[in-house]
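Below is one structure, written out as structure tokens, with a few remarks after it.
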Amino acid sequence: MADRDNSLAPSGSATRTVPTTIDVVVIGAGFAGLYAHHKFREIGLSAFGFEAAPEVGGTWFWNRYPGARCDVESLDYSYSFSQELLDEWRWSERFATQPEILSYANHVADRFDLRREIAFDTRVIAATFDEAANRWVVRTDRGDEIRSRYLVTAVGSLSLPKAPEIAGLEDFQGRWVQTGAWPREPVDVAGKRVAVIGTGSSGIQSIPILAEQAAHLTVFQRTPNYSVPAHNGPVDPDYEAEVRADYAEHHRQNRRSKGGVPSRIATGLSAMAVSEEERRAGFEKAWQFGTFSLQGVFNDTTTNLESNAAAAAFVHDKIRAVVKDPAIAEKLIPRSYPFGTKRLCLDTNFYATFNRDDVELVDIRQTPIERITKGGIKTSEREYPFDLIVFATGFDAVTGPLLALNLKGVGGRTLRDVWKDGPQSYLGLLISGFPNLFTVNGPSSPSVLTNMLQSIEHHIDWIVECIGHMEKDGLARVEADEAAQVAWAYEVAKIADSTLFTKADSWYMGANVPGKPRVFMAYIGGFDRYVDRCEAIVQDGYTGLRFTPSGGTTSRQDRAVPAGAR
Ligand code: FAD
Ligand code: NAP
């Protein structure tokens, strides 16, 4: 396969002094890693970080494709931990662009002086737990070895782009790029014949803009997606004033919501409890409002097939109304899974783009891609010539970046082995057999189903509190109890099975990566409920965790089963 064409190769030029021992190693310098450094400094622990990219920002460093922006409103997609930060930062758009979010991450790093403890251009390639010493031994691709008492993975849930899976790429004589690792230098699109493979959020955001720039754009679609208009624009001054008037309350409400940001137009009713006319009016209001409100305007869209079908039919009609060619509209209509069970997309002019003469849609379920050739892409029907191929084919989500760390826990067992049938984790925070390891937004936490700045802050606050507790009580080692972990996994799976989400071949289910175990990888019981649960566990004396005192033998705590499961 050809090398990935991007300019993000390690520069190797950063000045860096990596200590040999430290209290905490933090892997990743996206929003999670940055906040972790700030918090560890606050409680007086020394922390050192590694980041594969040459700068901070994580997602917002790597995903520079045209049109990249958040789809949670900027005012909510912000840290809440510092009133000063909230007061001084102004977002210009309802859904901020990637460059603006990256500036925000850099501003946070500057303001809280977070870069000095991070080695950039450095990838962690292995970490092994030294059982005798209760230390993690972390190794990097630049030959560093560092021993730490705690290891915090802030590696992101959507940070490992899937490698292109299509045969023949090494023959292609044009250029190819991935949305999830977009080059830092501008990619020349003007006048080019461009292919986009993939119609998830990244494809849907970039396609309208690429279409404007390219001479001709061909979109290769495997599964149609549901997308709603973002209605982006300047931040609404009235809403901003309302939020700024009482941030504390605003963020409290975010934490009390199901997804880390409350719906502003939810009816609280079943879609089936209202008349046909009211149902349509509700969906229409949500469509006009934007955000994910089409999923939440009625309370049973993702659990009740009938309500779901009504929402799906509503979107199908919208697609037919926008797309002029009925045959293209039918290709764009999702039918093979319930509405909202693959991540809903927010777009600006996505469906309308298919009305352009210079845009073509290829349904690769009907005419599969056979291979990439010297000059383009060959399907079962014909060969298409291209200058540029854009892979918007997504990520090895949630577990991928964790498995890539080559973690070895107790008894030398690898995480890859432990998770061979799917991930198991206690609360998405700790993994049995991997002591003193904390995973931010790990599998079986609400993570990717939330406004992730909320779930990041919550996880790091919890981790820092737990480590603070260990420091105070002279505890050297913490580990998830296996029975508690199994009970949690059971609960997570049971809730997922009570929804329609498990019916889709989504990346939530691992279905986008060939050979990946089919497991719903997030807790879907609601962020509010999850936060309560995590608090109850602390109140109960860390139910489900086992602590070992310094110099002592492991004392199994009696409460091995999570509070709410008893
Ligand atoms: P990341 O931002 O992914 O950062 C992880 C960092 O860890 C990366 O910089 C990576 O290089 C580094 N890393 C990983 N492995 C290693 C290693 N082995 N060694 C060294 N460094 C390593 N969420 C929302 O809530 N709202 C949105 O609107 C939204 N939009 C998104 C748009 C896109 C295009 C994508 C891809 C995701 C979006 N997300 C959104 C999810 C987004 O990932 C999170 O909101 C958030 O940015 C995650 O922050 P993080 O610090 O946890 O992870
Ligand atoms: P994605 O949702 O996984 O979409 C990938 C697309 O590529 C899908 O259409 C998929 O088809 C297709 N695909 C994958 N492998 C393929 C192959 N081998 N051949 C042909 N087609 C293939 O990935 P994404 O668009 O990068 O988004 C991932 C997540 O990141 C989102 O769900 C969201 O959470 C986040 N994100 C958010 C935003 C935002 O708006 N703020 C923007 C981008 C990303 P199938 O559906 O058939 O698998």
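Keep in mind the model is a prediction, meaning the values are calculated, not measured. Just so you know, ligand 1 is whichever comes first in the structure, and atom 1 is the first atom listed for that ligand.
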Worksheet item: What is the minimum heavy-atom distance between Tyr337 and Asn225, and which atoms define it?
Response: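 Heavy atoms only, the tightest pair is OH-CA, 3.3 Å.
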Worksheet item: Between Cys345 and Ile204, which heavy-atom pair has the shortest distance, and what is it?
Response: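 Looking at all heavy atoms of both residues, the shortest contact is SG-CD1, 3.7 Å.
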Worksheet entry | Parallel, tilted or perpendicular: ring planes of Phe31 versus Tyr77, cut at 30 and 60 degrees |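 Rings of Phe31 and Tyr77: perpendicular, as their planes differ by over 60°.
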Worksheet item: Between His250 and Tyr239, how do the two ring planes meet: parallel, tilted or perpendicular, split at 30° and 60°?
Response: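 Rings of His250 and Tyr239: perpendicular, over 60°.
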Heteroatom distance test ([X], ligand 1): nitrogen or oxygen, under 3.5 angstrom:
X: Met452; answer: yes
X: Thr59; answer: yes
X: Ala32; answer: yes
X: Trp62; answer: yes
X: Ala52; answer: yes

Backbone, side chain, both or neither: what part of [X] comes under 4.0 angstrom of ligand 2, heavy atoms only?
X: Arg69; result: backbone
X: Ser201; result: both
X: Thr393; result: both
X: Ala397; result: neither
X: Gln98; result: neither
X: Val72; result: neither
X: Tyr65; result: side chain
X: Phe220; result: neither

Item to complete: Show which atoms of ligand 2 fall inside a sub-4.0 Å distance from at least one heavy-atom site of Arg365.
Response: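 This gives 47 (O) as the contact atoms.
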Would you call [X] a ligand 1 contact, heavy-atom distance under 4.0 Å?
X: Asp71; result: yes
X: Val440; result: no
X: Phe31; result: yes
X: Leu453; result: no

Discussion item. If we only consider heavy atoms of Ala392, is any one of them less than 4.0 Å away from an atom in ligand 2?
Written reply: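 Contact check Ala392 vs ligand 2: positive.
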